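For reference, the structure is listed below as structure tokens.
All of these numbers come straight from a predicted model, not from anything done at the bench. All chains are named by letter (A, B, ...) in the order of the sequence lines, taking the proteins before the strands, and each is independently numbered beginning at 1.
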2 protein chains.
Amino acid sequence: MQQPRRNTWQREAVRAALVQTPGFVSAQQLHQVLRDAGTTIGLATVYRALAGLSETEEVDSLQSPDGENLFRFCAMPGHHHHLICRACGDTRELSATVVEEWTRRVGAEHGFSDIEHVVDLFGICERCRATA
Amino acid sequence: MQQPRRNTWQREAVRAALVQTPGFVSAQQLHQVLRDAGTTIGLATVYRALAGLSETEEVDSLQSPDGENLFRFCAMPGHHHHLICRACGDTRELSATVVEEWTRRVGAEHGFSDIEHVVDLFGICERCRATA
DNA sequence: CGCTAGAGTGAGAGTCATTCTCATTTAGAA
DNA sequence: TTCTAAATGAGAATGACTCTCACTCTAGCG
């Protein structure tokens, strides 16, 4: 999907809802939040908006272990990774030079090109550990 | 799913088909292969078998970018990562001390515990690059 | 400002991987 | 061999996501 040519309140609403949300959310959750807020936004539109934002790298997306796509407003520009609390969804953005280098090296060793990597860490944050 | 209490030819057929397959395959593909081979195995059974094998770590599983679960017979015991060819699915198993250390360090820095990590590399292997 | 083209929307149908249900089959102990 | 519950499998159910298409509303133009 390329840049939208028109601005709509729906797109803005999705962006706004995303900014207010601390951790990763699914499109479905976001849709529910927006409906609960009294809007009449459609699920398809939420998906379209998220796909657009994801493409312009305004949001990060990742797949949850159960196959759902999760989204999060992206503070750090450019390539980076995440450390996500399994319990509360709180997320830290990480830049990882070590990993990037390792990726390049391993790729070269095996004669692979166009290497992309999926690197995400899941754990339990301090606060949730205390609560448990 | 805990260890099965009975051995069935179906379970064995799934394992066998998996061993013969070089790269990652989806449950659906595996089911198709088994049906094509003349068996009457059910899709649900393939899923059950894969879940079981995955739990005993006899197979590795990962999520493809489009949300499908893929499986592969696991040669390297214990924790490891993968370098997968996007074109032909050929897979190299990697042990990555660097990454494990980085994971531990980052987790500690942020006060996270029980860190798990998803680290997979996708690229184009030498052979496929030549073919293209 | 009003008009218009067509981008954007939304309700609901469609798709597709995976899981569930439950009647039937069958492994494995006695 | 007989018996019983584990395992299977066909098809229905689920759930995330995408597609369709008639309708709406943005934004450029006069």
It should be established whether B:Arg11 places a side-chain nitrogen or oxygen under 4.0 Å from OP1 or OP2 of nucleotide D:dT8. yes
Within this structure, what is the CG-to-C1' distance between A:Asn69 and D:dT18, rounded to whole angstrom? 13 Å
B:Asp66 atom CG is separated from C:dT15 atom P, nearest whole Å, by 17 Å
If you check the A:Glu68 side chain, which of D:dA16, C:dG12, D:dG9 turns out closest? D:dA16
More than 12 heavy atoms of other groups within 6.0 Å of B:Glu57 CD: no
Reading DNA chain C from 5' onward, which residue's closest nucleotide shows up sooner: B:Gly67 or A:Thr40? A:Thr40
Using modelled atom types only, decide if a donor and an acceptor are shared between the side chain of B:Glu93 and the backbone of B:Met76 within a distance under 3.5 Å. yes
Lys/Arg N to Asp/Glu carboxylate O, A:Arg104 vs A:Glu100, below 4.0 Å: no
Which nucleotide, D:dT26, C:dA27, D:dC17, lies nearest any side-chain atom of B:Arg6? C:dA27
By the 4.0 Å heavy-atom rule, please label B:Ser26 as base, sugar-phosphate, or nothing. nothing
When the distance from CG of B:Leu43 to C1' of D:dA7 is rounded to whole Å, what number comes out? 16 Å
Looking at the side chain of B:Tyr47, which of C:dT19, C:dA11, D:dA5 is the nearest nucleotide? C:dT19
Lys/Arg N to Asp/Glu carboxylate O, B:Glu12 vs B:Arg15, below 4.0 Å: yes
In this structure, how many angstroms lie between the P atom of D:dA16 and the CG atom of A:Leu50, rounded? 14 Å
Comparing nearest nucleotides in DNA chain D, the 5'-proximal residue of the pair A:Thr8, B:Ile41 is B:Ile41
Return no unless some side-chain N or O of B:Gln10 is found under 4.0 Å from OP1 or OP2 of D:dG9. yes
Rounded distance (Å) that lies between atom C1' of D:dG9 and atom CZ of B:Arg48: 7 Å
Is any side-chain N or O of B:Asn7 closer than 4.0 Å to OP1 or OP2 of C:dG28? yes
Please work out which of the three classes, parallel, tilted or perpendicular, describes the rings of B:His81 and B:His117, given edges at 30° and 60°. tilted
Would you mind reading off the distance between B:Gln63 atom CD and C:dC16 atom P, rounded to a whole angstrom? 19 Å
Quick one: B:Trp9 CH2 to D:dT8 P, roughly how many Å, whole number? 9 Å
Distance check needed: C:dG10 C1' versus A:His31 NE2, whole Å only. 9 Å
